[in-house]
Each structure stands twice: as structure tokens, then as C-alpha cells.
Number of protein chains: 2
Amino acid sequence: MQSQNISDIIEKYLKSILADAEHVEIRRSEIADLFNVVPSQINYVIKTRFTIQNGYLVESKRGGGGYIRIEKVNLLDDADVLDTLIQVIGDSITQRDAYAVVQSLYEDDVLNRREAQLILVATDRNTLGVDDHDLENSLRARIIIGILNHLRYES
Amino acid sequence: MQSQNISDIIEKYLKSILADAEHVEIRRSEIADLFNVVPSQINYVIKTRFTIQNGYLVESKRGGGGYIRIEKVNLLDDADVLDTLIQVIGDSITQRDAYAVVQSLYEDDVLNRREAQLILVATDRNTLGVDDHDLENSLRARIIIGILNHLRYES
DNA sequence: TTATCTTTGACTAATATTGACTTTCATTAT
DNA sequence: ATAATGAAAGTCAATATTAGTCAAAGATAA
């Protein structure tokens, strides 16, 4: 029933490969052909679903023998990951990116499911309910950063 | 069995599906077509009949392959206690009163220490960082109410 | 009558898809 | 070496495809 759009399907395909392997290396046009989409759609999928907030590193090369390589990274190997995340968030973050950040923290066992849900609810667009978009995104950033700082202090 | 307006019929239709399934996932325009109403009527039905107070969670996505998903959730025993708190909070709450609310939830074992801390951080004056006091208090109210509503059911 | 609930549709917002154009890189030709 | 060529990937804006909001108009109930 779900995943009726091709971007989701391509996302799942790539993630299914990453479930068994350290990284995935593709030729953009091949994947585009495989799913019958235009090549730039692969960029769209990567840009919206394989961000650093999601815990993925992407590198690529153009020209003959070019490729796109996606790697799943463990954000929390480093002691100062929280700092890194705080930097990435900056003073503004969209709901989508916030979801990715919280999801990553959950996957890396920094937060349990309940805590992750609480944070998502607290920073949800509808919860905050402000019409000014910039304000909404900056509030969300402050809340998440506040919590990250608290987690660091705690541990 | 009185007044069978279309909203009631759509409500029954969706609930009949939910009687056999964990959730329903619809395409708004399809349901609208099926019952010969404008699409926004589906929003009206959902907003008036599938609220969290009634034990329904709604999530949706726009764009290609978009959907509306309605899930029936299990309301917990604490639900009415939380309802009362929600009523009391209304649309504005000071940091001091918020502290009292969270404290009592902690004492009643609705929240553990860590969760309570998270909520206090998220609603702290300095975290929110808005000059306008009324805005600050109403944001705090929305965040806490959002969380209380979330605590009313189990995922 | 008056208040509340329902229906409608114009407008808005979010997300996805597409394609024209650009940039980068390796290889081949001069 | 250097230039020309072709084979990749990248960018961006236009368009398409959904769902959301809101307020006015209409219907129903108190």
C-alpha cells in the first residue's frame, strides 16, 4: 500500500544493499535506468534521504568511470559527535532534518524509542504551531540543541 | 441511526476498515471521489472524528505518492489524568507551573527522571529564547500538551 | 431564531518528477 | 604536452502531484 512514489522505492533499494554492506557504489545512469527515472532523480533521492543527518556520507566522481558512493557512518564513534551535530544543526533546522537527527540518535542508542518520540512531538510543526517558518525552524533548533547539550552534560 | 450526512458515512467507512486492520491508508482524492465530495471534506471528517482524544493517530504526506494514514491506538489508563492536566494548562503556562506539572508526572511514575529532564529542557525559558513572554508561555503550553497527548496512548 | 455542524472551493504548502544546462574527469587525437 | 572529445555526475528551475487551511455559504438542531 505504501511507498507509491519512486523516490521511496529507490531509497529502500539502496538501503537494502547497505543493510548487508559497508557501502554502496552505483553508476547514476544505471540506477536511473533500472527504475525508469531521469538521472537527476537519483540526486534528489540522495539529497533528501541520505544526508549526514541521516548518518550517510556520499562521495562521487564525474567523468568516465564516474560513480556515486554512499556510506553509512556511525555518528557516535567520536566523543564529540554531539558537538558535530550541534554544528550541523546551527540555528535552524527543518522538521525533516530534525527527524533524521533524532532517528540517528535512536539508532545509535543515545536515545530510546520513547525519548525519541518525545523530542519529535516537542519539535513537530503542529506542536509549535507558529506561522512564521523561520521562527519555527529556529525554535526547533534551539530545542534540539538544548536537549543535546543536556545529554552531553549528563554523560 | 439518525442524520446520515456524508461525513458520518465516510467516518463509518473508515472505521469499518479499522475494525479489521491496524491502520488505514488512503489517497485523499480517491475517498473524495468515492463519496462524491470535495477533497477537503476528508480533512473535515478526520479533524472532527479521528482525533487523538478518540484514540486515533493521523499522519500524512503530500506530493507524488502522498497519502493519509489513520491508526487506532491503545489509550492508557492515565489518559483521563492527562486530559485533566491538558485542560488546566490551556493555551499558556509559565515555567514555574510547567515545572510543577512535570514534577507531579514524575512522582506519579508517568515519566522517569530522564524524560522529565528532557521536557524541562525543551520548555526552558532560555531554550525557547523568545523575548515575547506571551509567546514563550503559549509555546511551552503547546509543547507540553503535545507531549501529554502523546503519553495518552502506547505506540 | 440562533448556534452549531456540514459542505464547498479558492488558495497555500509540501513533496516529487523532469529536463535543459553546467561542471568535472578520463581518454584520444594533434 | 596540449587540445579536443565524450562520458559521466551536479544544479536548478519549471512543472506535476499530492494534502492542508480557511472562511463563506448552506443545512440542521436547540
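Below, chains carry the letters A, B, ... as their sequence lines are ordered, and counting in each starts from 1. What you are looking at is a predicted structure, and each value in this text was computed from that prediction instead of being measured.
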Proximal nucleotide (of D:dA19, C:dA16, C:dT17) relative to the A:Arg49 side chain
C:dA16
Using the six-membered ring of A:Tyr56, assess whether NZ or CZ of A:Lys15 lies under 6.0 Å from its centre and within 45 degrees of the ring axis.
no
Reckon A:Arg96 touches a base, only the sugar-phosphate, or nothing at all at heavy-atom distances under 4.0 Å?
sugar-phosphate
Write down the distance between CD1 (B:Ile42) and P (C:dT8), rounded to a whole number of angstrom.
11 Å
Look at the side-chain N and O atoms of B:Gln41 and state whether any lies under 4.0 Å from the OP1 or OP2 oxygen of C:dT6.
no
Starting from C1' on C:dT12, measure out to CZ on A:Arg125 and report it in whole angstrom.
13 Å
Out of D:dT21, C:dT6, C:dA13, whichever nucleotide has its closest atom nearest the side chain of B:Asp8
C:dT6
Whole-Å distance separating the CG atom of A:Asn43 from the C1' atom of C:dT18:
13 Å
Mind checking if B:Gly66 touches a base, just sugar-phosphate, or nothing, with heavy atoms under 4.0 Å?
sugar-phosphate
Does some side-chain heavy atom of B:Leu135 sit less than 4.5 Å from a side-chain heavy atom of A:Leu135?
yes
For the residue pair B:Arg27 and B:Tyr67, confirm or rule out a side-chain donor-acceptor distance under 3.5 Å.
no
Over how many whole Å does the gap from B:Gln4 atom CD to C:dT6 atom P extend?
12 Å
Using a cut-off of 4.0 Å on non-hydrogen atoms, how would the nucleic acid contact of B:Ser40 be classed: base, sugar-phosphate, or nothing?
base
Length of the CG-P vector between A:Asp124 and C:dA14, whole Å
13 Å
For A:Gln95, which of A:Asn137, A:Asp124, A:Thr123 qualifies under side chain to side chain donor-acceptor pair (under 3.5 Å)?
A:Asp124
Of the nucleotides D:dG20, C:dT8, D:dA8, which has the atom closest to the B:Val37 side chain?
C:dT8
Starting at CD of A:Glu30 and ending at P of D:dA9, how long is that distance when rounded to a whole Å?
9 Å
Counting the atoms with a prime plus P, OP1 and OP2 as sugar-phosphate, which does A:Ile68 contact under 4.0 Å by heavy atoms, base, sugar-phosphate, or nothing?
sugar-phosphate
Does OP1 or OP2 of D:dG20 have a side-chain N or O of B:Lys61 closer than 4.0 Å?
no
Please determine if a side-chain N or O atom of B:Ser60 lies less than 4.0 Å away from the OP1 or OP2 oxygen of D:dG20.
yes
Consider the side chain of B:Tyr44, meaning its heavy atoms from C-beta on, and name the nucleotide among C:dC5, C:dT17, C:dT18 that approaches it most closely.
C:dC5
Choose from C:dT6, D:dA9, D:dA19 the nucleotide whose nearest atom is closest to any side-chain atom of A:Arg62.
D:dA9
Test log, rule salt bridge (Lys or Arg N to Asp or Glu O under 4.0 Å), inputs B:Arg152 and B:Asp83
CA-CA 8 Å; B:Arg152 296 173 78 255; B:Asp83 282 338; 2.9 Å; yes
Distance in angstrom units between A:Asp131 CG and D:dT21 C1', rounded:
12 Å
When you check the side-chain N and O atoms of A:Arg114 and B:Asn112, is any donor under 3.5 Å from an acceptor?
no
Separation of atom CD1 in B:Ile6 from atom P in C:dC5, rounded to whole Å
19 Å
On the side chain of A:Arg28, is there an atom forming a donor-acceptor pair with the base of D:dA8 - under 3.5 Å, no angle test?
no
I want to check one thing: is the phosphate of C:dT12, taken as OP1 and OP2, less than 4.0 Å away from some side-chain N or O of A:His133?
no
